[in-house]
Number of protein chains: 2
Amino acid sequence: MSRKNNIYPNKEGCPVEFTLDVIGGKWKGILFYHMIDGKKRFNEFRKICPSITQRMLTLQLRELEADGIVHREVYHQVPPKVEYSLTEFGRTLEPIVLQMKEWGDANREALEARRSNSLLKEQQK
Amino acid sequence: MSRKNNIYPNKEGCPVEFTLDVIGGKWKGILFYHMIDGKKRFNEFRKICPSITQRMLTLQLRELEADGIVHREVYHQVPPKVEYSLTEFGRTLEPIVLQMKEWGDANREALEARRSNSLLKEQQK
DNA sequence: CTGCATCCTGTGGGATACTG
DNA sequence: CAGTATCCCACAGGATGCAG
């Protein structure tokens, strides 16, 4: 997902992979989703997903920012305050993310059952 | 992306992340996309994306199969022949993948320009 | 509060060789 | 043709500490 050392990724030029490179990062989906209904602050994200580390939160937000998906508004005050919001460009991804949410809602339960099932089979060997 | 050692991933239960876990693997998008217009054989995939290794191709296809997204049809003959196709369940992801393709087509050029631009700035420091 | 720097570990994933 | 099996290491990503 990092691309610094990967100036010409996706040699085959697959547009699907390209989109996934933008939004498919480990936490980008959930971060994006929670910005749909408005700007969020750094620690709000931490509350939403407690298992993300500070480091990863920063990194993922910075990648989204570098791709022009999110806007980072810094308030120079004490204590500092930073707000993240979707850019107009980022909004063009909104329908895709919303569809992913719907699909996830509709299918997670069934799929998790299937997964733990195949796990059982593996362990029975 | 691997889930074997991760029975309860996505503790926060974010459906977006869940969908990404299913289709967001490094090669799953492109593999899925090329199955939309019909079944594909192992080596067809290798021609489509020459930079994927056999190992990764196998692993990614197996995960898609384990999630019930693709069907794996084995013909017991010499030489062997295996065909991969989308299941009915897998087809429910089709609109999402197609949208990702469209978005990628529409925005890749601009985004790659932006990326190499920020790379230049970094190097000038 | 919102980060960045550093260190360290686990593992994703490449290269290569072998097989039904 | 369509895979396994091994080896191996770069890098993703966690933990911790410091800073504006």
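So that the names make sense, note that chain A is the first sequence line, chain B the second, and so on, each numbered from 1.
- A sub-4.0 Å separation between OP1 or OP2 of C:dG14 and a side-chain N or O of B:Thr53 is present.
- Counting heavy atoms from C-beta outward, B:Phe32 and B:Leu86 have side chains that approach closer than 4.5 Å.
- Remark: C1' of C:dG3 and NZ of A:Lys81 are 17 Å apart, rounded to the nearest angstrom.
- At whole-Å resolution of the value, NZ in A:Lys28 and P in D:dA12 are 12 Å apart.
- Remark: side-chain polar atoms of B:Arg114 are paired, donor with acceptor, to backbone N or O of A:Ala66 under 3.5 angstrom.
- Taking only side-chain nitrogens and oxygens, A:Lys26 comes nearer than 4.0 Å to OP1 or OP2 of D:dG14.
- The CE-C1' distance, from B:Met56 to D:dA2, rounds to 17 Å in whole Å.
- With rounding to the nearest 0.5 Å, the separation of CD in B:Gln54 from CG in B:Leu59 is 11.5 Å.
- Summary of helix geometry: the two end axes of the helix from C:dC1-D:dG20 to C:dG20-D:dC1, each defined by five base pairs via their C1' atoms, are inclined to each other by 60° (rounded to 10°).
- One finds a side-chain N or O of A:Tyr84 lying less than 4.0 angstrom from the OP1 or OP2 phosphate oxygen of C:dG3.
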Quick one: which protein N/O atoms are closer than 3.5 Å to N/O atoms of nucleotides 18-20 of chain C? Pair and distance per line, please.
none

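- Listed pair B:Arg72 / D:dG3 meets the phosphate criterion, a side-chain N or O lying under 4.0 Å from OP1 or OP2.
- Rounded to an integer number of Å, the gap from CG of A:Leu61 to C1' of C:dC4 is 14 Å.
- Listed in residue order, the members of residues 31-42 of chain B having a heavy atom less than 4.0 Å from DNA chain C come to none.
- Cation-pi check for B:Lys40 over B:Phe45 is not met; the charged atom does not lie both under 6.0 angstrom from the ring centroid and within 45 degrees of its normal.
- Of the candidates C:dC1, D:dC1, D:dG3, D:dG3 carries the atom nearest the B:Thr58 side chain, counting heavy atoms from C-beta on.
- Phosphate contact (OP1/OP2 of D:dG3, side-chain N/O of B:Arg62, threshold under 4.0 Å): present.
- As a whole-Å value, the separation of A:Glu63 CD from D:dC11 P is 14 Å.
- Remark: the backbone N or O of A:Thr19 is not paired with any side-chain donor or acceptor of B:Arg108 at under 3.5 angstrom.
- Residue A:Val97 is tested with A:Lys101, A:Met100, A:Glu94 for a side chain to side chain contact (heavy atoms under 4.5 Å, CB included); the sole match is A:Met100.
- Counting heavy-atom neighbours within 6.0 Å of A:Tyr84 OH, excluding the residue itself, gives a total above 12.
- Ring planes of B:Trp103 and A:Phe18: parallel class, angle under 30° (limits at 30 and 60°).
- Using modelled atom types, no side-chain atom of A:Glu83 and backbone atom of A:Lys39 make a donor-acceptor pair closer than 3.5 Å.
- Note that CD of A:Glu63 is 7.0 Å distant from CG of A:Asp67, once rounded to the nearest 0.5 Å.
- Remark: P of D:dT4 and CG of B:Leu59 are 9 Å apart, rounded to the nearest angstrom.
- Rounded to a whole Å, the CZ atom of B:Arg55 is 8 Å from the C1' atom of C:dG12.
- Look at A:Arg62 and A:Glu65 and you find a salt bridge, because one of the NZ, NE, NH1 or NH2 atoms lies within 4.0 Å of a carboxylate O, short of that distance.
- One interatomic measurement links the two molecules: CG of B:Leu57 to P of D:dT4, which rounds to 11 Å at whole-angstrom precision.
- Salt bridge B:Glu44/B:Lys47: absent, no basic N to carboxylate O contact under 4.0 Å.
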